[in-house]
Amino acid sequence: MSDRITPRTLKGFRDYPPAMMIPREWIIETARRVYRLYGFSPIDTPALEHLEILIGKGSDETDKQLYRFEDHGGRPVGMRFDLTVPLARFVAQNIQDLGTPFKRYHIANVWRGENTQRGRYREFMQCDFDTIGTTSLSADIEMVLVINDLLTALDVGGFTIHVNHRGLLNGLLEKLGLADQATAVLRSLDKLAKIGAEGVSKELRSAASATDSQIEQLLKLSSLEGSNDEMLAEAEKLVIGSPVGERGVAQLRELIGSVTTTLSSEAMGRIRFAPSICRGLDYYTGIVVETTLDDLPEIGSVASGGRYDNLANLFTSQELPGVGASLGLDRLLAALEELGRLEQVHTPAEVFLPFFDSDRRNEYLSLAARLRAAGMGVEFFPDAKKLGKQLQYANRRGFRVALILGNDEFTSGECQVKNLATGESQTVARGDDDANLIAAVRCILQS
RNA sequence: GUGGCUGUAGUUCAGCUGGUUAGAACGCCGGAUUGUGAUUCCGGAGGUCGUGGGUUCGAAUCCCAUCAGCCACCCCA
């Protein structure tokens, strides 16, 4: 047996044991619930697409990271590297049946063959939601509200939603005569928080061959401080005379105004105009957002998105503008773990039923069935091992309650209800339908 | 893709400039306690030192390659 195959996973790909999968599923379920509350419908698309659908849609960088190969029929194919390009293909192909506006969410794995790092893998999950087929700012506003509701539901603690507008940036670039260097300039500006004003100006000089006065103007916009209103007023001055720039400022003002009046007073401080963020992706054309956790800003954006008015043009002549965002599941998970905001639970059920008296299996099974019918998760231990061992197992898995019944209890019609967190145990008379017992368990679970 | 660091029991690590049967803590399993889990005591299992070559009388230790992880760049979730 020396030729056994070594069990291993590919670089950047990983297994998800229960301790990881339980919080993961909780986030996914929360995202699903919040998206649905806004009327977004689920879709899925194939992991594999014709190569021509995927290449040239993101940037040179995404083309390099694309997993590509020939299928068994010799067709050039690729694995999706995000959910937005498949969405563009999907709506271009099906919009006549879907109608507009089309609101969808899509929670699925994507693949990128890039170098790995903590929180960065080659297979990872995105939780996207987008509204297709309307240019109304309502959809942009709703995107921000969804992010707010989602992160609130996920109990991540304080967070800040940073918003900016590509039109504002493009307007300034036009005025400065740097429009053809847009990508390089925006990428440099995006790093302001990371490398500082000096680093950015150095990079602007070398990468975008910007002059000192151009750099000064760009940094002036990026470094604005004050209230949202004050910053917007200053930004407006910088782009005055540029229609796209002025429109960007107007939209930002409207969006921030709408969001702050909709949110509760404690939540409205969460939205901030942030003139330096712009998102690396080329296809954004309007509002862009990034969201950081106040207690862990250095981990980067956990929910990002924006408006893209041209994406489906690659596949159809029909005009299909869109706006949407994506929750960074794995990054958020890493952050919550680091912040100690994840409950360490290893079992999806909360009630543990030891197999104590080996002659009474069927009686245990019917008790478990009755509790499950009452909506409680119950795990019945498969082996009639020593009670101490069974309780140890229950304790490690994070069960809340153990129900202990041996020969004594069965004959007296009672049950010991043990609170595993405190160690306290009470004896409850079961009665005919176990209603007493169910109430006692429920009491502990709700405390 | 580029550069740097790391890789020894399940886990965290020790192992001096190469030298006999590679250690510890915690964890795990069994028992003390045949009806009660985070304590205590006793006992036990578990490692071809990531993998493959090379140098050497001799390699966990040195060299090369490879795989994997971490960090920075790049990019992004």
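Residue numbers start from 1 in every chain, and the chains themselves are labelled A, B, ... in the order their sequence lines are given, proteins ahead of strands. Please read these numbers as outputs of a predicted model, since none were measured by experiment. Computed over heavy atoms, backbone and side chain alike; hydrogens, waters and symmetry mates excluded.
- As rounded to whole Å, 11 Å separates atom P of rC74(B) from atom CG of D190(A).
- For the P atoms, the distance from rG19(B) to rU61(B) is 10 Å, rounded to whole Å.
- As rounded to the nearest Å, rA60(B) and rC73(B) have C1' atoms that lie 33 Å from one another.
- Using a 4.0 Å heavy-atom cutoff across all strands shown, S425(A) reaches no nucleic acid atom at all.
- The nearest heavy atom of RNA chain B to E424(A) and to G328(A) marks one nucleotide each, and the one closer to the 5' end goes with E424(A).
- The cationic group of R14(A) lies under 6.0 Å from the six-membered ring centre of Y121(A) and within 45° of the ring axis, placing it in a cation-pi geometry.
- Residue K389(A) is in sugar-phosphate contact alone, with no base atom involved, counting any heavy-atom pair closer than 4.0 Å across all strands shown.
- Among the protein residues, F356(A) comes within range of the nucleic acid bases, having at least one heavy atom under 4.0 Å from a base atom.
- Among the heavy atoms of the strands, none lies under 4.0 Å from A325(A).
- Pair assignment for rG27(B): none, as no Watson-Crick or G-U wobble contacts are both less than 3.5 Å.
- Taking atom C1' in both rA38(B) and rU51(B), the straight-line distance is 40 Å, to the nearest Å.
- Nucleotide rC76(B) holds its C1' atom 10 Å from the CZ atom of R187(A), rounded to whole Å.
- For residues 285-313 of chain A, the ring-ring contact (aromatic ring centres under 6.0 Å, His included) pairs, not counting sequence neighbours, are Y283(A)-Y308(A).
- Annotation: rU17(B) and rA32(B) have their C1' atoms spaced 49 Å apart (nearest Å).
- Computed from coordinates, the Q65(A) CD to rG1(B) C1' distance equals 10 Å when rounded to whole Å.
- A donor and an acceptor atom never sit less than 3.5 Å apart when one is taken from the side chain of E290(A) and the other from the base of rA77(B).
- In terms of heavy atoms, K385(A) sits closest to Q390(A) at O-NE2, 2.7 Å.
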request  = Verify side-chain hydrogen bond (donor to acceptor under 3.5 Å, both in side chains) between T116(A) and R122(A), making sure each step is shown before the conclusion.
outcome  = CA-CA 7 Å; T116(A) 56; R122(A) 290 183 171 175; 5.9 Å; no
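- Regarding D383(A), its CG atom lies at a distance of 19 Å from the P atom of rU34(B), rounded to whole Å.
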message = Between D357(A) and Y364(A), does the side-chain hydrogen bond (donor to acceptor under 3.5 Å, both in side chains) criterion hold? Intermediate values first, please.
response = CA-CA 9 Å; D357(A) 185 335; Y364(A) 289 115; 5.6 Å; no
task = List the protein contact pattern of nucleotides 64-70 of chain B with one symbol per nucleotide (5' to 3'): B for base contact, S for sugar-phosphate-only contact, - for none; contact means a heavy-atom distance under 4.0 Å.
result = ----SSS
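- A side-chain donor from one of N148(A) and R270(A) sits under 3.5 Å from a side-chain acceptor of the other.
- Across all strands shown, E114(A) has heavy atoms under 4.0 Å from base atoms, whether or not it also approaches the sugar-phosphate.
- Nucleotides rG37(B) and rA24(B), compared at atom P, are 29 Å apart to the nearest Å.
- A centroid separation of 6.0 Å or more is found between the aromatic rings of F102(A) and F40(A).
- Relative to the ring axis of Y105(A), R32(A) does not place its NZ or CZ within 45° and under 6.0 Å from the centre.
- Within the 4.0 Å cut-off from OP1 or OP2 of rC74(B), at least one side-chain nitrogen or oxygen of K191(A) is found.
- Residue contacts shown for G300(A) are absent, as no nucleic acid heavy atom lies under 4.0 Å away.
- The gap from the C1' atom of rU11(B) to that of rA72(B) amounts to 28 Å, rounded to the nearest Å.
- Using a 4.0 Å heavy-atom distance criterion, D357(A) is classed as making no nucleic acid contact.
- Among rA38(B), rC75(B), rC76(B), the nucleotide with an atom closest to any side-chain atom of N395(A) is rA38(B).
- On a pure distance criterion of 3.5 Å, no polar donor-acceptor pair joins the side chain of Q390(A) and the base of rG35(B).
- When Watson-Crick and G-U wobble pairs are counted only if both distances are under 3.5 Å, rG3(B) pairs with rC71(B).
- Rounded to a whole angstrom, the distance from the P atom of rC63(B) to that of rC16(B) is 15 Å.
- Ring geometry for F352(A) versus Y393(A): interplanar angle of 30 to 60°, hence tilted.
- On the P atoms, rU33(B) is 42 Å away from rU21(B), given to the nearest whole Å.
- Residues D433(A) and I438(A) come closest through the heavy atom pair O-CD1, 4.5 Å.
- As rounded to whole Å, 15 Å separates atom C1' of rG37(B) from atom CD of E379(A).
- Heavy atoms of E123(A) sit nowhere under 4.0 angstrom from any nucleic acid atom.
- rG47(B) is unpaired under the criterion used here, namely a Watson-Crick or G-U wobble arrangement in which both key atom distances are under 3.5 Å.
- Rounded to whole Å, atom C1' of rA77(B) lies 15 Å from atom CG of L154(A).
- Between the CZ atom of F355(A) and the P atom of rG35(B) there is a distance of 15 Å, given to the nearest Å.
- Nearer to the 5' terminus of RNA chain B, by closest-nucleotide assignment, is the contact made by E203(A) (compared with the other of E203(A) and L329(A)).
- Pairing for rU61(B) is absent, with no Watson-Crick or G-U wobble pair whose two atom distances lie under 3.5 Å.
- Judged by distance alone, with hydrogens and angles left aside, R112(A) brings no side-chain donor or acceptor close enough to the base of rC75(B) to form a pair under 3.5 Å.
- Residue L420(A) is classed as a base contact, given a heavy-atom separation below 4.0 Å to a base.
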